Amino acid sequence: MPTNHRLLAVCVAVMWGLNFIAIHASLEHFPPLFLVALRFALIAAPTLLLVPRPDVELRWLLGYGVGFGTLQFLFLYWGMAAGMPAGLASLVLQASAPFTVLIGVTIGCDRLGARRSVGILVAVAGLALVGWQRAESAALLPFLLVLAGAFGWAIGNVCNARAKAPNPLHLTLWMSVVPVLPMLVLALVLEGPQRIADSLTGLDDPTAGPAWLGLVYTVLIGTVAGSGVWSWLMTRHPAGVVAPFSMLVPVVGMSAAWIMLGETVSTGELAGATLVVAGVLLGSRQAAALPAPDRGLDARKSTTQRAKINKSWV
């Protein structure tokens with residue numbers, strides 16, 4: 001991956017790391033399932049009117065929307081509303097990286113070498129340690145919910161890569177159309193119309209201002225800008241190469257949560273976080289490139305071969 005593409009991936013990680021602070025602010029006011037529907041509805045409405053449908057197979061568009069849009073944010077928002085700290089959620093969600101590699105191997109579009117295998121095992125050990133620490137504090141369910149969101153993200157990663165959209169931003173925008181109706185139905189059934197109405201009309205609530213600002217950040221920066229650049233990278237590099245850059249997200253997310261929200265983690269959780277990051281970084285390292293072939297030598301060989309062929313016709 002070229003250096004400028006790596007820098008773009010780092011920028012996306014920063015956008016997404018700060019996104020967890022914005023989500024936390026929005027969840028202080030909006031019910032989680034309705035917040036997912038609202039987040040994507042704000043993008044879907046202008047998309048349907050102004051943006052042409054991307055030239056990709058429908059199955060990959062739907063798969064991206066269901067995985068990245070619906071499943072990821074359904075379980076992420078649900079888990080955070082159930083008590084998962086924003087910083088720790090930014091870490092657990094990055095299980096999408098080993099999940100992406102494993103799904104890629106399963107469907108035959110990627111290879112799992114020894115280094116990647118060790119990296120995945122280390123990352124899984126780190127996640128298990130974090131889960132054990134969460135279980136000891138009676139907060140295992142939020143951890144499992146966010147982990148399910150990571151699996152949804154991995155499904156979206158693979159579908160995104162297989163779509164090979166000529167315009168990644170269009171794919172990102174149209175992906176946002178998929179989650180709106182299912183999430184709105186779930187919100188109406190599980191959260192109720194009254195709770196939804198209260199969140200939309202209670203503008204005098206002290207949490208309303210930060211919640212709407214957080215929603216604007218999530219829509220414009222987290223989804224349109226971040227996911228658009230991420231989609232662009234996914235179309236140009238294997239999913240298993242791009243996905244590990246998401247491991248920078250918890251570095252930003254946990255640091256921002258510590259500074260802005262006063263969140264802390266236990267020693268065991270910090271050790272698990274270190275294992276997760278180390279494991280994914282190990283698994284994402286590329287083997288040393290082979291020396292480029294000597295084109296001049298190839299040309300000389302070709303000239304010699306042509307000379308021999310011409311001589312044989314004399």
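On a predicted model such as this, the values are computed, not experimentally measured, just so you know. One is the number of the first residue; the rest follow in order along the sequence.
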Practice problem: Scan Leu93, Leu91, Leu88, Val92 and name whichever one has a side chain to side chain contact (heavy atoms under 4.5 Å, CB included) with Pro250. | Solution: Leu91
Self-check item: Flag, side chain of Thr70 to backbone of Gly65, donor-acceptor distance under 3.5 Å
Solution: yes
Quiz item: Are any non-hydrogen side-chain atoms of Arg195 and Phe34 less than 4.5 angstrom apart?
Solution: no
Quiz item: Does Tyr64 reach the side chain of Asn157, with side-chain heavy atoms less than 4.5 Å apart?
Solution: no
Self-check item: Same cluster (ILVMFWY, side-chain, under 4.5 Å), Leu215 and Leu213
Solution: no
Quiz prompt | Pro31 vs Ser199 side-chain heavy atoms within contact, under 4.5 Å | solution = yes
Self-check item: Joint cluster assignment, Phe99 & Leu121, ILVMFWY side-chain distance < 4.5 Å
Solution: no
Quiz item: Looking at side-chain heavy atoms only, is the closest gap between Val189 and Leu33 below 4.5 Å?
Solution: no
Quiz prompt | side chain to side chain donor-acceptor pair (under 3.5 Å) between Asn160 and Trp230, worked out | solution = CA-CA 10 Å; Asn160 187 352; Trp230 191 257; over 6 Å; no
Practice problem: Assess the pair Phe151 and Phe75: is the distance between their ring centroids shorter than 6.0 Å? | Solution: no
Quiz item: Under 6.0 Å from the CH2 atom of Trp232, do we count more than 12 heavy atoms belonging to anything else shown?
Solution: yes
Quiz item: Counting only N and O atoms by type, is there a donor-acceptor contact under 3.5 Å from the side chain of Glu263 to the main-chain atoms of Pro85?
Solution: no
Quiz prompt | Smallest separation among heavy atoms of Pro142 and Ala82, with atom names | solution = CG-O, 3.6 Å
Quiz prompt | Sidechain-backbone polar pair: Ser90 side chain, Gly87 backbone, donor-acceptor under 3.5 Å | solution = yes
Exercise. Would you confirm whether Trp174, through its side chain, and Leu48, through its main-chain N or O, come within 3.5 Å as a donor-acceptor pair?
Key: no
Exercise. Identify the two heavy atoms, one from Ala150 and one from Ala95, that lie closest to each other, and give their separation to 0.1 Å.
Key: CB-CB, 3.9 Å
Exercise. Could you tell me whether a side-chain N or O of Glu28 sits under 3.5 Å from a main-chain N or O of Ala211, the two making a donor and an acceptor?
Key: no
Quiz item: If you measure from CG on Asp198 to CD on Glu191, what distance do you get to the nearest 0.5 Å?
Solution: 12.0 Å
Quiz item: Under a single-linkage definition using a 4.5 Å side-chain heavy-atom cutoff for Ile, Leu, Val, Met, Phe, Trp and Tyr, are Phe20 and Ile259 assigned to the same hydrophobic cluster?
Solution: no
Practice problem: Return each pair, listed once, that meets side-chain hydrogen bond (donor to acceptor under 3.5 Å, both in side chains) where at least one residue sits in residues 50-62; pairs must be two or more places apart or across chains. | Solution: Glu57-Arg59
Quiz item: Which pairs with one or both residues in residues 207-224 pass side-chain hydrogen bond (donor to acceptor under 3.5 Å, both in side chains), sequence neighbours excluded?
Solution: Asn19-Thr218, His29-Thr207, Arg39-Thr223, Asp205-Thr207
Self-check item: Which atom of Ala154 lies closest to which atom of Ser96, heavy atoms considered
Solution: CB-O, 3.6 Å
Quiz item: Linking I/L/V/M/F/W/Y whenever their side-chain heavy atoms sit closer than 4.5 Å, directly or via other members, would Leu27 and Leu261 fall into one cluster?
Solution: no
Self-check item: Non-hydrogen side-chain atoms of Leu169 and Val224 separated by less than 4.5 Å
Solution: yes
Quiz item: Looking at Ala37 and Val180, what are the two nearest heavy atoms and their distance?
Solution: CB-O, 4.1 Å
Quiz item: Would Leu181 end up clustered with Val219 when hydrophobic side chains under 4.5 Å apart are linked, directly or stepwise?
Solution: no
Quiz item: Does a side-chain heavy-atom distance below 4.5 Å link Cys11 with Arg6?
Solution: no
Quiz item: Can you find a pair of side-chain heavy atoms, one from Thr172 and one from Phe68, that are under 4.5 Å apart?
Solution: no
